[in-house]
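One structure below.
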Amino acid sequence: MITTIPNLLTLSRILAIPALIGAFYLAAPLSNWLAFAIFTAAGITDILDGYLARSLGEESGLGRFLDPVADKLLVAATLLMLVYVGRIGDWTILPTVVILCREILVSGLREFLAELRVSVPVSRVAKWKTAMQMLAIGFLIVGDAGWEPIPTMEIGRTGMWLAALFTIYTGYDYLRAGLQHVTTGAASGGDRADRS
């Protein structure tokens, strides 16, 4: 049901995207800190919705569908806005493209495997990838508005490269786990692939 607390938290992450985009058009440093606050709040809902769904026994097909969609929309919109405002550019565009391409690949594979009733649970490394990605994006959102002794832009750019490495690993791992189902078009050997 869409009105459960976990699903409402997930929907709030999607609804936060227009506010996040709008924050980028304000003057700095208000723009930086407001966008950071919205992004952080959305990230917290990502942690809470899964935890509450499990603890309240409200896991649902709708929630399993909406949660990754909300995550990908939030990350993609934020990365595009960071490119727009010039905080992602030069060589940092490469890990950004890797991250976006992996998200599209994984979404396509998940959709295909779902039709075959093959579930692909998220691996621990994929969770580390998400954490590194969110931290890096957070630092890039703050940008030059950060505190002087902390090199926020350098930390964000380095984090993007690290996130891209995790992204390549988890994307390959996911592809390898699902490839047998893609080539055969059937769920062979059970209904679960082991990695994400």
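Below, all heavy atoms of this structure are taken into account, side chains as well, without hydrogens, waters or symmetry copies.
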Please tell me if the side chains of [X] and [Y] come closer than 4.5 Å, counting only heavy atoms from C-beta onward.
X: Ile21; Y: Ile17; answer: yes
X: Thr130; Y: Phe166; answer: no
X: Met134; Y: Leu74; answer: yes
X: Lys127; Y: Met132; answer: no

Should [X] and [Y] be counted in the same cluster of Ile, Leu, Val, Met, Phe, Trp and Tyr side chains packed under 4.5 Å apart?
X: Ile150; Y: Ile137; answer: yes
X: Leu100; Y: Val83; answer: yes
X: Ile155; Y: Ile93; answer: yes
X: Tyr172; Y: Trp161; answer: no

## Note on the structure
Residue set satisfying ring pair (Phe, Tyr, Trp, His ring centres under 6.0 Å) with Trp91, at least two apart, ordered chain then number -> none
### Task
State which residues pass ring pair (Phe, Tyr, Trp, His ring centres under 6.0 Å) with Tyr25; sequence neighbours excluded, sorted by chain then number.
Tyr84
All N/O donor-acceptor pairs, side-chain side in residues 34-55, below 3.5 Å, sequence neighbours left out:
residue : atom : partner : partner atom : Å
Thr40   : OG1  : Phe36   : O            : 2.8
Thr45   : OG1  : Arg13   : NH1          : 3.2
Thr45   : OG1  : Ala42   : O            : 2.6
Asp46   : OD1  : Arg13   : NH2          : 3.4
Asp49   : OD2  : Thr10   : OG1          : 2.6
Asp49   : OD2  : Arg13   : NH1          : 3.1
Asp49   : OD2  : Arg13   : NH2          : 3.2
Arg54   : NH1  : Gly50   : O            : 3.3
Ser55   : OG   : Tyr51   : O            : 3.0
Ser55   : OG   : Leu52   : O            : 3.4

[X] and [Y]: which non-hydrogen atoms are nearest, and at how many Å?
X: Ala136; Y: Met160; value: CB-N, 3.5 Å
X: Asp144; Y: Thr152; value: N-OG1, 4.4 Å
X: Leu26; Y: Leu30; value: CD1-CD2, 4.2 Å
X: Thr96; Y: Thr92; value: OG1-O, 2.9 Å

### Message
Checking Pro29 now: which residues fulfil side chain to side chain contact (heavy atoms under 4.5 Å, CB included) with it, not counting sequence neighbours?
### Response
Trp33, Ala145
### Message
The criterion is side chain to side chain contact (heavy atoms under 4.5 Å, CB included); which residues satisfy it with Arg87, sequence neighbours excluded?
### Response
Phe24, Asn32, Leu82, Val85, Met153
To the nearest 0.5 Å, how far apart are [atom1] in [X] and [atom2] in [Y]?
X: Met81; Y: Leu140; atom1: CE; atom2: CG; value: 14.0 Å
X: Lys129; Y: Ile99; atom1: NZ; atom2: CD1; value: 7.5 Å
X: Leu15; Y: Leu20; atom1: CG; atom2: CG; value: 13.0 Å
X: Asp67; Y: Ile14; atom1: CG; atom2: CD1; value: 9.5 Å
X: Asn7; Y: Ser12; atom1: CG; atom2: OG; value: 11.0 Å

### Flag, side chain of Thr170 to backbone of Thr167, donor-acceptor distance under 3.5 Å
yes
### Message
Can you list, by chain and residue number, the hydrophobic cluster partners of Ile168 when the side-chain cut-off is 4.5 Å?
### Response
Val98
